[in-house]
There are 2 protein chains.
Amino acid sequence: MATTTRRTERRTDALSRARIVEAAIEILDADGESALTFRALAARLATGSGAIYWHVANKSELLAAATDDVVARALGGAASEADPEQEVRTLALRIFDAIDAHPWVGSQLAREPLQLAMQQILEAIGQRLESFGTPDRALFDAASALTNYIVGVAGQNAANARLHVHDEGRTAFLEQVATRWTDLDAEQHPFLSKVAPQLADHDDREQFLAGVDLILAGIRTPH
Amino acid sequence: MATTTRRTERRTDALSRARIVEAAIEILDADGESALTFRALAARLATGSGAIYWHVANKSELLAAATDDVVARALGGAASEADPEQEVRTLALRIFDAIDAHPWVGSQLAREPLQLAMQQILEAIGQRLESFGTPDRALFDAASALTNYIVGVAGQNAANARLHVHDEGRTAFLEQVATRWTDLDAEQHPFLSKVAPQLADHDDREQFLAGVDLILAGIRTPH
DNA sequence: ACCTGAACACCGTTCAAGT
DNA sequence: ACCTGAACACCGTTCAAGT
């Protein structure tokens, strides 16, 4: 026959878990966490909201799946470098950048327990740490510490992104916090008032990496 | 007059921001984040849901206020010890324990940007770090790293608590994750499968402190 | 100034009914 | 087996009306 339509090739608009998760990610990226509703998702997929429940148990599972997807993509094909410490650094930056591009992943990571996405990160970090020559117990603690740090920053970044969608207002916000800190009573808040000028011109990515380096230095330290 | 009722002393059931926040904390502690609704809050305060809006702008502000309260209490009157490093440790543990007692604070901290509660923590940590002799710039980075780490752990703990309300099921959950890790393909997940046995008997609080010590060691390291 | 509570515009989720 | 879409049981928030 001339027009062969293979059975395995369904219509493009056929519903599937993968297509649902993909659409969810698009909505989350475009309009943020609050925009992801089953109604919006159903509309985008040109179906009824109930249809989604055939492929996905509920919203929390959908969010977890979307997060797993993004994290897997960020971690995928992580090129191995000569220096294992450098590997941890680039790995951490990959996750940072992924969360920067998809802020909702940050909130999700911060509120999910030992779910797939967290496991992926922990495994990736742990693998790179193996060659440090740390004893097993300390190694688990070290990998956990790094993962928790990364997830913590992720949550804060997501919160920032939620506050001023799409960068404009970000510097305005930082300046506002900076003046708030400057105006604080130096007696009661010596640290914040001293550090206020640094806030305006600091780079989130650099500060994130500085924290990673701090923890790495700690891991290197004997005992 | 015999029965003097001072004007400033209102009826016990008079609404006020403080009383609203207090009631909110009680609900959050007793039944978790999902139980805090304006209707439930209004019922507990024996008033209409709209009345709450006279004292509080919206739910997010209410959650922030509740979080600030708990954090302030946890940080309040932090006794100063001889060793500044030990001070950081006990400070971190205070926050950890507060979040353990009020898991919802963990989720809240992880999703709020540079709000009051985060500022309080950053200030408290930063103050203790001052005496380490770190240069200003590195000091800001160090305090941020510690705060982000603490907040990251907080979020994870809150997630765990949400999963198995009130401890029962916690060990069951850990064991379940442990077997999941054990069953993983050791080729693809060498770290998790190696570390699985440690999961069941590890202590969250100890591991948290190990992470704090790791960062402290990193801060002590020159350059 | 402060409180009441019905009403509005949403949610996630379910489910009988369809194909 | 999979989809439809109305219906249910909720939400946060607003607001006219009261005191």
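Chain naming here is simple, since letters A, B, ... match the order of the sequence lines and numbering starts at 1 in each. Below, each value reflects all heavy atoms present in this structure, side chains not excepted, and no hydrogens, waters or symmetry copies.
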**Q.** Those residues of residues 60-68 of chain A lying under 4.0 Å from DNA chain D by at least one heavy atom
**A.** none

Q.
In this structure, how many angstroms lie between the P atom of D:dT13 and the CH2 atom of B:Trp54, rounded?
A. 17 Å

Q.
Which is more 5' along DNA chain C, the nucleotide nearest B:Gly48 or the one nearest A:Ala57? Just name the residue.
A. B:Gly48

Q: Would you mind pulling out the nucleotide paired to D:dT19, Watson-Crick or G-U wobble, both distances under 3.5 Å?
A: C:dA1

(Q) Checking side chain to side chain contact (heavy atoms under 4.5 Å, CB included) between B:Gln156 and each of A:Met118, A:Arg111, A:Glu112, which is the one that passes? (A) A:Met118

Q. Of B:Asn58 and A:Ser16, whose nearest nucleotide on DNA chain D comes first from the 5' end?
A. A:Ser16

Q.
Could you tell me how far apart B:Ile52 (CD1) and D:dC15 (C1') are, to the nearest whole angstrom?
A. 16 Å

Q) Any side-chain heavy atom of A:Gln188 within less than 4.5 Å of one from A:Leu184? A) no

Q.
Would you call the rings of B:Trp181 and A:Phe140 parallel, tilted or perpendicular, taking 30° and 60° as the class edges?
A. perpendicular

Q) Only one of B:Asn160, B:Thr179, B:Asp201, B:Leu199 forms a side chain to side chain contact (heavy atoms under 4.5 Å, CB included) with B:Leu174, so which one is it? A) B:Leu199

(Q) Quick check: B:Phe96 with B:Phe208 (ring centres under 6.0 Å apart)? (A) yes

Q) Can you tell me how far P of D:dT13 sits from OH of B:Tyr53, to the nearest Å? A) 4 Å

Enumerate all atom pairs, one protein N or O and one N or O from nucleotides 7-11 of chain C, separated by less than 3.5 Å.
none

Q. Distance from A:His189 atom NE2 to B:Leu122 atom CG, nearest 0.5 Å?
A. 11.5 Å

Q. With no hydrogens and no angle check, is any side-chain donor or acceptor of A:Asp68 less than 3.5 Å from a backbone partner on A:Ala117?
A. yes

Q: Return yes if a side-chain donor-acceptor contact under 3.5 Å exists between A:Gln127 and A:Glu123, otherwise no.
A: yes

Q) Applying a 3.5 Å limit to both distances, which nucleotide forms a Watson-Crick or G-U wobble pair with C:dC10? A) none

Q: For B:Ser107 and B:Glu33, test the side chains for any donor-to-acceptor distance below 3.5 angstrom and give the result as yes or no.
A: yes

Q.
Check this one for me: any side-chain N or O of B:His55 less than 4.0 Å away from OP1 or OP2 of C:dC3?
A. yes

